[in-house]
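In what follows, a structure is listed as structure tokens, so that the remarks can point back to it.
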Amino acid sequence: MSTPPYMLTLPTAHTTSVVFASPHSGRDYPAALIRNSVLDELALRSSEDAYVDQLYAVAPDHGAPFLVANTPRAYVDLNRGPEELDPALISGLRRVDHNPRVSSGLGVIPRVVAGGRAIYRGKMTLGDAQTRLATHWHPYHTALQTLLDRSHAMFGAAILIDCHSMPHEAVTNLCKGAKRCPEIVLGDRFGASSASSIVDRVEAAFVRAGFETARNTPFSGAYMAQHYGRPSRGQHVVQVEIDRALYLDETMVRPNADFAQVRARLVSVIAEIAEIGRSESALAAE
């Protein structure tokens, strides 16, 4: 890859325990991936949380670091564990315990993109898979843990806002017959990854900005929330999913006419969330 696996933007003054991260908005597609795939680049991008990094780009202006993946999700999924390797894609790999994500082709090196479309013509070697993890997965997670450790050392707690987007279809399928569908889904693994007081304040920030919200359904949080969410140790993770249809032409994977308006609405949300990390009550949460 021509660029590093991530981009880190630090605030001029680090004033909050909140860290923003976008692990799925990477769009630096290697020529080798496109060459070896049965899909074109537009199809590969269907799994991408496209332009989420631009929606949250003002986070450093509010005193919070912002870690953004350059690595595309179709190449390495940074929101999976390094052990979630797929024997249907990687040769020389012993079959492991059943993992629904891996079985469906959505392991740490995905076999499929959205809609279950296969990425590759054949298998890759275990050595190639391990090289991808060494050059993309591990550097990103080392950087993320360093940021969380630094926030915890400075403020007594660390709050990770794990920024994602969700296909509009996932939301409409969920709320058929309902008057309004959620535009934002907050995931805390049903209370396991964050203190409820923090999630309450994150949700209130979105509601004040006029967004319809829901919690944990259909997305409660994956590896980031499971691995980094340790409320008892003062390390909290809240996954934020935004409906792509609000800001994105999903077919062409490009910003739609409402992109600037949605980004402007999120400015106040980001500011309020950053403020949570300055609050003594949040830092003292269970």
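Sequence positions, counted from 1, serve as the residue numbers for this chain. Please read all numbers here as calculations on a predicted model, not as lab measurements.
Shown here are the side chain to side chain contact (heavy atoms under 4.5 Å, CB included) partners of H138, two or more places apart in sequence or in another chain: L133. Listed by chain and number, the residues in a salt bridge (charged side-chain N to carboxylate O under 4.0 Å, His left out) with E183 amount to none (sequence neighbours excluded). With sequence neighbours left out, the side chain to side chain contact (heavy atoms under 4.5 Å, CB included) criterion links T217 to L174. In terms of the ring pair (Phe, Tyr, Trp, His ring centres under 6.0 Å) criterion, residue partners of H14 (sequence neighbours excluded) are, by chain and number, F155. The side-chain hydrogen bond (donor to acceptor under 3.5 Å, both in side chains) test applied to E48 returns Y29, R45, not counting sequence neighbours. Residues forming a side chain to side chain contact (heavy atoms under 4.5 Å, CB included) with Q130 (at least two apart in sequence, or on another chain): L126. Under the side-chain hydrogen bond (donor to acceptor under 3.5 Å, both in side chains) criterion, D149 pairs with Q145, sequence neighbours left out. Judged as a salt bridge (charged side-chain N to carboxylate O under 4.0 Å, His left out), and not counting sequence neighbours, the contacts of D200 are R215.
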Ignoring hydrogens and angles, write down the donor-acceptor pairs under 3.5 Å from the side chains of residues 110-124, residues two or more places apart or on other chains.
{"residue": "R111", "atom": "NE", "partner": "D86", "partner atom": "OD2", "Å": "2.6"}
{"residue": "R111", "atom": "NH2", "partner": "D86", "partner atom": "OD2", "Å": "3.2"}
{"residue": "R111", "atom": "NH2", "partner": "S103", "partner atom": "O", "Å": "3.2"}
{"residue": "R117", "atom": "NE", "partner": "A114", "partner atom": "O", "Å": "2.9"}
{"residue": "R117", "atom": "NH2", "partner": "S46", "partner atom": "OG", "Å": "2.9"}
{"residue": "R117", "atom": "NH2", "partner": "A114", "partner atom": "O", "Å": "3.2"}
{"residue": "Y120", "atom": "OH", "partner": "R132", "partner atom": "NH1", "Å": "2.9"}
{"residue": "Y120", "atom": "OH", "partner": "R132", "partner atom": "NH2", "Å": "3.3"}
{"residue": "R121", "atom": "NH1", "partner": "R35", "partner atom": "O", "Å": "3.4"}
{"residue": "K123", "atom": "NZ", "partner": "P87", "partner atom": "O", "Å": "3.0"}

Please list every donor-acceptor pair under 3.5 Å in which a side-chain atom of residues 156-164 meets a protein atom from a residue at least two apart or in another chain.
{"residue": "D162", "atom": "OD1", "partner": "H164", "partner atom": "NE2", "Å": "3.1"}
{"residue": "D162", "atom": "OD2", "partner": "H164", "partner atom": "NE2", "Å": "2.8"}
{"residue": "H164", "atom": "ND1", "partner": "H24", "partner atom": "ND1", "Å": "3.4"}
{"residue": "H164", "atom": "ND1", "partner": "D49", "partner atom": "OD2", "Å": "3.1"}

Expected list for residues 52-67: side-chain donor-acceptor pairs under 3.5 angstrom, two or more places apart:
{"residue": "D53", "atom": "OD1", "partner": "R27", "partner atom": "NH1", "Å": "3.1"}
{"residue": "D53", "atom": "OD2", "partner": "R27", "partner atom": "NH2", "Å": "3.0"}

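In this structure, M166 belongs to a hydrophobic cluster whose other members, linked by side-chain heavy atoms under 4.5 Å apart, are V171, V185, F219.
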